[in-house]
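The chains referred to below are lettered A, B, ... by the order of the sequence lines, with proteins before strands, and numbering in each begins at 1.
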Amino acid sequence: DTAVSQTPKYLVTQMGNDKSIKCEQNLGHDTMYWYKQDSKKFLKIMFSYNNKELIINETVPNRFSPKSPDKAHLNLHINSLELGDSAVYFCASSQSNEQFFGPGTRLTVL
Amino acid sequence: AQSVTQPDIHITVSEGASLELRCNYSYGATPYLFWYVQSPGQGLQLLLKYFSGDTLVQGIKGFEAEFKRSQSSFNLRKPSVHWSDAAEYFCAVGPLRAGNMLTFGGGTRLMVKP
């Protein structure tokens with residue numbers, strides 16, 4: 001009965017690599033999001049997609065490219081990973097103003 | 001621009017004591033307000049939300065929050081804290097339009113003493 005799922009849960013990689021995080025929601029929601037939580041627990045929106053269309057991009061570097069193959073999926077691809085990309089990334093979805101969050105993906109860049 | 005402030009970074013209370021976590025927001029219109037809880041290593045779980053109507057809202061796990069427009073506040077309360085309440089608590093504000101982003105406060109870490 002998982003509502004919003006993310007894979008992988010943990011990701012450890014070297015600087016300069018390219019990696020992807022996947023997100024899927026089975027709630028039938030139209031809107032999906034990616035948030036970044038830094039080491040001080042501060043949560044910040046990165047992207048928002050509505051019906052596969054990008055509606056918010058909060059000045060995230062071009063190395064981050066979200067892809068929404070259908071409205072149930074919003075994947076996050078990151079090129080040329082940097083140390084500062086280490087964080088927990090949360091996917092979320094919503095139909096109205098209540099957002100449902102996934103369990104998070106902890107990315108560690110070495 | 002909308003913003004959320006949680007003035008207390010850490011709070012420690014004794015088990016069984018009452019709790020109040022503060023949240024102040026800045027928003028140009030009537031906001032939607034939320035409290036989320038994040039247990040260690042876990043995702044975010046919604047505790048309660050305020051959209052309109054009664055300014056005292058009840059949530060899960062015995063939590064409640066009161067919306068005070070005059071003070072731009074949405075403080076979270078619990079009459080008797082349990083050890084399992086130890087977690088990080090986030091206040092968030094969102095616009096009226098569906099599908100838009102939430103702005104989160106910096107979080108308050110709650111520690112519970114036996």
Side-chain angles (χ1 to χ4, degrees), chain A residues 2-7 9-10 21 23 25 27-60 66 68 71 74 87-106 108, chain B residues 1-6 8-11 21 23 25 27 29-53 57 59-60 67 74 86-111:
Chain A
T2 305
V4 183
S5 60
Q6 295 178 228
T7 53
K9 190 171 172 67
Y10 299 96
I21 307 172
C23 178
Q25 53 96 3
L27 299 167
H29 291 168
D30 287 335
T31 308
M32 295 185 72
Y33 312 80
W34 278 107
Y35 288 84
K36 179 180 179 180
Q37 186 177 45
D38 63 22
S39 58
K40 295 184 179 176
K41 300 285 188 179
F42 186 67
L43 269 159
K44 188 172 166 57
I45 184 74
M46 297 175 69
F47 299 101
S48 171
Y49 266 71
N50 187 54
N51 271 322
K52 304 193 298 174
E53 299 287 331
L54 176 68
I55 57 176
I56 291 174
N57 176 346
E58 286 290 306
T59 60
V60 177
S68 183
K71 74 175 193 178
L74 181 62
V88 181
Y89 292 84
F90 286 100
C91 177
S93 72
S94 72
Q95 188 63 27
S96 60
N97 286 76
E98 180 177 342
Q99 294 186 17
F100 294 80
F101 284 80
T105 296
R106 181 175 292 276
T108 303
Chain B
Q2 58 205 49
S3 66
V4 180
T5 302
Q6 292 179 245
D8 306 304
I9 297 174
H10 296 102
I11 282 187
L21 301 182
C23 172
Y25 67 89
Y27 194 71
T30 301
Y32 284 8
L33 293 158
F34 306 83
W35 275 98
Y36 284 86
V37 61
Q38 183 180 25
S39 298
Q42 302 297 313
L44 291 151
Q45 181 182 23
L46 181 68
L47 283 176
L48 47 78
K49 60 194 177 195
Y50 172 77
F51 288 173
S52 65
V57 293
I60 62 171
F67 170 57
F74 188 57
E88 191 90 23
Y89 291 81
F90 292 94
C91 181
V93 62
L96 290 175
R97 187 156 61 94
N100 248 331
M101 65 184 193
L102 291 178
T103 298
F104 283 87
T108 297
R109 173 158 292 186
L110 173 65
M111 290 170 278

What is the minimum heavy-atom distance between S93(A) and L27(A), and which atoms define it?
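Answer, listing the atom of S93(A) first, then L27(A): OG-CD1, 3.7 Å.
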Is it the side chain or the backbone of [X] that comes within 4.5 Å of chain A heavy atoms, both, or neither?
| X | answer |
| --- | --- |
| L46(B) | side chain |
| Q45(B) | neither |
| Q42(B) | backbone |

Counting distance only, does the side-chain N/O of E88(B) pair as donor-acceptor with the main-chain N or O of Q38(B) below 3.5 Å?
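No.
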Rounded to the nearest 0.5 Å, how far apart are OH of Y36(B) and CZ of F90(B)?
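Y36(B) OH to F90(B) CZ: 12.0 Å, rounded to 0.5 Å.
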Determine the interplanar angle of the Y32(B) and F51(B) rings, folded into 0 to 90°, and report it as parallel if under 30°, tilted if 30 to 60°, perpendicular if over 60°.
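Parallel.
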What class does the angle between the rings of Y35(A) and F104(B) fall in, given that below 30° is parallel, 30 to 60° is tilted and above 60° is perpendicular?
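Because their plane-to-plane angle is over 60°, the rings of Y35(A) and F104(B) count as perpendicular.
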What part of [X] gets closer than 4.5 Å to chain B, counting heavy atoms only: side chain, backbone, both or neither?
| X | answer |
| --- | --- |
| K44(A) | neither |
| Q37(A) | side chain |
| L43(A) | both |

Under the side-chain contact (heavy atoms from CB on, under 4.5 Å) rule, what do Y33(A) and L102(B) come out as? Steps first, then yes or no, please.
CA-CA 10 Å; Y33(A) 312 80; L102(B) 291 178; over 6 Å; no
Heavy-atom pair count under 4.5 Å with chain B, highest-scoring of F90(A), F47(A), Y49(A), F42(A):
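Option with the greatest count: F90(A).
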